[in-house]
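Every number for a ligand or one of its atoms is a count from 1 in the order of the listing. As a basis for the values below, the full set of heavy atoms in this structure was taken, side chains included, without hydrogen atoms, waters or symmetry mates.
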Amino acid sequence: MIQETIITTQNSEGQAHLAPMGIHVQNDEFIILPFRPSTTLDNLLSSRTAVINYCDDVRIFAGCLTGHRDWPLSAAEKINGVFLSAALAHCEVEIIRVEEDEIRPKLFCKTIHQVQHHPFQGFNRAQFSVLEAAILLSRVNHLPIEKIESELNYLSIGFEKTAGPREQEAWQWVTSAIQEKLNKAKHL
Ligand SMILES: Cc1cc2nc3c(=O)[nH]c(=O)nc-3n(C[C@H](O)[C@H](O)[C@H](O)COP(=O)(O)O)c2cc1C
């Protein structure tokens with residue numbers, strides 16, 4: 001199974017970095033798969049630790065891809081790192097093995113410490129729509145314009161019916177960024 005999470009890492013100067021990543025869950029191991037080049041990958045290879053944040057505030061997913069990166073962070077408990085203050089839960093992990101790859105290395109991690117902060121509030125279709133739109137934004141240069149437009153149209157159905165203020169803000173960031181890139185592509 002793949003879980004959509006926010007990975008927090010730190011560089012050697014202690015500067016925190018946030019990135020949405022779909023992590024693979026395999027028995028009691030997690031596999032983080034960053035595409036090169038990646039700050040998350042560089043930080044993970046140097047520090048050997050990371051935090052997996054389980055978060056339902058989709059503004060953070062959207063924000064990482066649209067320049068809104070300044071989210072409150074708190075110190076991790078068992079590793080040198082940070083977690084998102086908005087996380088429902090977080091998991092502090094350590095790399096146990098790396099499978100090298102020129103495009104997308106696999107970083108196998110084991111849990112050092114796990115903390116539950118808030119209860120899971122149930123599924124929300126607008127959150128799904130924002131995540132899918134954010135993925136479209138991260139691939140906008142590799143997909144045909146018609147596909148992006150038709151997927152956004154479909155995603156807007158669940159979004160319109162179920163969004164709250166956080167989802168509306170996140171949707172606005174992502175769809176504006178997609179529109180900007182599509183306009184540029186149309187004028188090339
Ligand atoms: C829901 C979601 C899941 C993502 N999963 C991955 C992933 O597994 N690997 C990856 O390299 N990028 C993934 N991305 C895109 C990255 O978050 C984004 O490109 C980011 O800039 C990664 O590069 P960085 O480590 O340099 O920050 C995902 C984006 C979203 C919105």
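Among protein heavy atoms, the minimum distance from atom 11 (O) of ligand 1 is reached at Phe35 N, 2.7 Å. For atom 31 (C) of ligand 1, the nearest non-hydrogen atom of the protein is Ala134 CB, 3.6 Å. Atom 22 (C) of ligand 1 has Met21 CE, 3.8 Å as its closest protein atom, hydrogens excluded (heavy atom only).
Considering backbone and side-chain N/O atoms, Leu131 never comes within less than 3.5 Å of an N/O atom of ligand 1. For ligand 1, the polar-atom distance check finds an N/O of Arg104 within less than 3.5 Å of one of the ligand's N/O atoms. Distances between N or O atoms of Thr39 and those of ligand 1 include at least one value under 3.5 Å.
How far CD1 of Ile60 is from CG of Leu84: 4.5 Å, rounded to the nearest 0.5 Å. Note that CD1 of Ile135 and CZ of Phe61 are 9.5 Å apart. Values are rounded to the nearest 0.5 Å.
Of the candidates Pro37, Ala62, Pro20, Gly22, it is Pro20 that places a heavy atom closest to atom 17 (O) of ligand 1.
Ion pairing between Glu100 and Arg36 holds under the 4.0 Å rule for side-chain N and carboxylate O. The residues Glu92 and Lys78 are annotated as not salt-bridged, no charged nitrogen and carboxylate oxygen being separated by less than 4.0 angstrom.
For the residue pair Glu167 and Gln127, a side-chain donor N or O sits within less than 3.5 Å of a side-chain acceptor on the partner. Ser176 and Gln172 are linked by a side-chain donor-acceptor pair at a separation below 3.5 angstrom, with hydrogens and angles left out of the test.
Ligand 1 places these atoms under 4.0 Å from at least one heavy atom of Ala19: 27 (O). Atoms of ligand 1 found under 4.0 Å from any heavy atom of His17 (numbered from 1 in listed order, with element): 24 (P), 25 (O), 27 (O). Interface atoms of ligand 1 facing Leu33, defined by a heavy-atom separation under 4.0 Å, are 7 (C), 8 (O), 9 (N), 10 (C), 11 (O).
Contacts with ligand 1 closer than 4.0 Å are made by side-chain heavy atoms of Glu4 only, the backbone lying farther away.
Ring geometry for Phe83 against His90 counts as parallel: the plane angle stays under 30°, on a 0 to 90° scale with 60° as the upper cut.
At least one heavy atom of Leu65 sits under 4.0 Å from some atom of ligand 1.
Between Asp56 and Gln121 there is a side-chain heavy-atom pair separated by less than 4.5 Å. Side chains of Ile31 and Leu107 form no contact here, defined as non-hydrogen atoms less than 4.5 Å apart.
Protein heavy atoms are found inside the 4.0 Å sphere centred on atom 24 (P) of ligand 1.
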